[in-house]
Every structure is written in structure tokens, then in C-alpha cells.
Amino acid sequence: MTEDETPDLAADYVLGLASAEDRARAEDRIIRDPAFAREVEMWQARFSELNVEFAAIEPPSAVLDRAEHRLFGAPAPQRGGVFGWLRRAATGREDGSGVAAQRRGVSVLLGLAVAAVVALVAIWGVPLYRPGTHLAELAAPDLQIAVRGDSQRLVFRRLSDAPDPEGRSYQLWLIRDGQVASLGLLAPRTTEVSAEVRAGDVLAVSLEPAGGSPVAGPSGPVLATAQIPSL
């Protein structure tokens, strides 16, 4: 696949439009190609706005059983192996003991999920992100930042590859009613800041001397700004 096709593959993967072959290729590239992984993250941030107007819907618990009945006949098959055991543990079907068994199954699954996350962090250095609403993007030459968060915090996810210019630092700012407050320096990958955030606030990034601006506001050029929409 050529470099020109990379954005199309990333976008199709995020939207679920990729074929099985392309999806497998995309998942392989996410693991071995950091630039492609960032491309996928960028599309996820852009498309996440489409979900804001729709509330999550929990399907009835019987939907899976009915689907299995139509696909495999009755009774629903008891799958073997690890995945079959996990499903029976989650649904309390291993020993027919009802709620108690289901609770034990959920506890087991939660423990496995935590162990998997810890393994990802320890082995591959995968950062832990708390979800939040996609709020804005800050874009400038050699710098692209996706911003997520809520009324109490902001998470700045750096999507571009370029390092900070030699001897300089990128600094983040929050502007409200003409008042400028520093949110700190932009980290190489992710910067999480606790801050009171309101709709209409403006986020900005400036290029400063190493270590940050020596004054109360930006001392170097402001490279990009973005206004926070309704929270």
C-alpha cells in the first residue's frame, strides 16, 4: 500500500468500512507502524464527534441467545476453550447457580481485564487514557494535537511525529474573557491537565524557550488556537 493510501485505510478502518483483508492489514500496521497508529487515532478523534448526539443503548440480554439459536440451533452451543469458559463465567452458566455464579464470573473477567491492561503498559508502554468528549484540534506546521476532556480536565494527545524545535518548548494555554492561564508544557505524547473548562474557552499552543514562557502569557508565537464547543 502506498503512503497516499494510508489515510483512506485508516479512515475506513475507524468507520468499519474496511474489508476483512484491509482490516487485518490495518491492525497489523497499528502494531508495527507508529505513524499509522497516530493516523488511526486522528480519525477516531475526528469521527468521535458523530457520537455526541446519540446515547448508548444496552441491548436486551436475550439478543445473543436468540442470535445463537438462529445460527446454530437450540440449545445455544457451549463453546470450548478459553473464550467459551469466559462467556459461561460471565453469564453464570457454568454451574447453573444463577446470580452468585454470574457475579463470580464478572469478577474474574474484571481481573483479567486489569491484568491485560497492566501487561500492555509494562510491555509496550501503552499509555492509559480515560475517555472524554472530543473537544477540539490544534493544528500547525509539524504539530497536530487532538484535545479530549470534560468540564474538569483536558487531555492533549500529540499526533504529529516532529520533535520540539531544538532549545524550544511547546506550551499550552487556556484563554477566558481575555485572561490567559498556562496549562503547562506539551509532553511528547500525552498531556493531561486538571482545569475548570467552560464552553467558549479558547485553547492555544505557543512556541516558547525551553522550559516555558518567562512571562505570565505567551512570549513566543501562538501557533494555533481552538474554541471549546458546548460541553
Side-chain angles (χ1 to χ4, degrees), residues 3 6-7 10-11 14 30 33-54 117 120-121 124-231:
E3 188 168 332
T6 293
V14 172
I30 289 172
D33 185 349
F36 181 76
R38 285 189 288 274
E39 185 78 20
V40 170
E41 289 174 351
M42 180 191 69
W43 283 110
Q44 288 172 332
R46 288 182 176 179
F47 289 136
S48 65
E49 294 182 342
L50 300 176
N51 293 326
V52 173
E53 299 179 0
F54 302 96
V117 170
L120 285 173
V121 175
W124 289 297
V126 176
L128 297 177
Y129 303 112
R130 292 197 297 270
T133 303
H134 177 69
L135 299 178
E137 289 187 15
L138 295 168
D142 298 325
L143 183 64
Q144 189 168 26
I145 307 167
V147 187
R148 302 182 68 86
D150 51 36
S151 61
Q152 300 296 322
R153 65 185 178 86
L154 294 168
V155 179
F156 297 84
R157 175 69 167 153
R158 190 166 173 172
L159 304 177
S160 48
D161 289 322
D164 292 0
E166 186 175 357
R168 310 293 292 275
S169 298
Y170 292 115
Q171 189 162 354
L172 301 167
W173 305 90
L174 178 68
I175 304 170
R176 179 187 300 157
D177 300 329
Q179 301 297 312
V180 182
S182 174
L183 297 177
L185 301 181
L186 180 66
R189 295 291 292 173
T190 302
T191 307
E192 184 167 347
V193 180
S194 296
E196 180 186 351
V197 183
R198 302 175 186 171
D201 288 350
V202 175
L203 303 174
V205 58
S206 65
L207 184 61
E208 302 293 342
S213 173
V215 297
S219 66
V222 175
L223 304 178
T225 62
Q227 188 173 44
I228 296 177
S230 299
L231 294 171

* Hey, are the side chains of Glu192 and Arg153 touching, using non-hydrogen atoms and a 4.5 Å cut-off? -> yes
* Name all residues meeting the side-chain contact (heavy atoms from CB on, under 4.5 Å) criterion together with Ser169; count only those two or more places apart in sequence or in a different chain, and write none if there are none. => Leu185, Ala210
* Looking at side-chain heavy atoms only, is the closest gap between Leu143 and Leu186 below 4.5 Å? -> yes
* List for me each residue that meets side chain to side chain donor-acceptor pair (under 3.5 Å) alongside Ser213, sequence neighbours excluded, and say none if there are none. => none
* Side chains of Leu203 and Ile228 in contact at under 4.5 Å (non-hydrogen atoms) -> yes
* To do: Measure the shortest side-chain to side-chain distance between Thr190 and Phe156 over non-hydrogen atoms and say whether it is less than 4.5 angstrom.
  => no
* Arg168: salt bridge (charged side-chain N to carboxylate O under 4.0 Å, His left out) partners, not counting sequence neighbours -> none
* Asked: Is Arg158 salt-bridged to Asp164, going by a charged N under 4.0 Å from an acidic O?
  -> yes
* Structure fact -> When every non-hydrogen atom of Asp201 is compared with those of Glu196, the smallest separation belongs to OD2-O, 4.2 Å
* side-chain hydrogen bond (donor to acceptor under 3.5 Å, both in side chains) contacts touching residues 214-227 (sequence neighbours left out) -> Glu208-Ser219
* **For Thr191 against Leu172, the heavy-atom pair lying closest together** => CG2-CD1, 4.2 Å
* To do: Would you name the heavy atoms of Trp173 and Ala216 that are closest together and state the gap between them?
  => CZ3-O, 3.5 Å
* Asked: Partners of Asp142 by side chain to side chain donor-acceptor pair (under 3.5 Å), sequence neighbours excluded?
  -> none
* Structure fact -> Applying side-chain contact (heavy atoms from CB on, under 4.5 Å) to Ala35 and not counting sequence neighbours gives Asp33, Arg38, Asp161
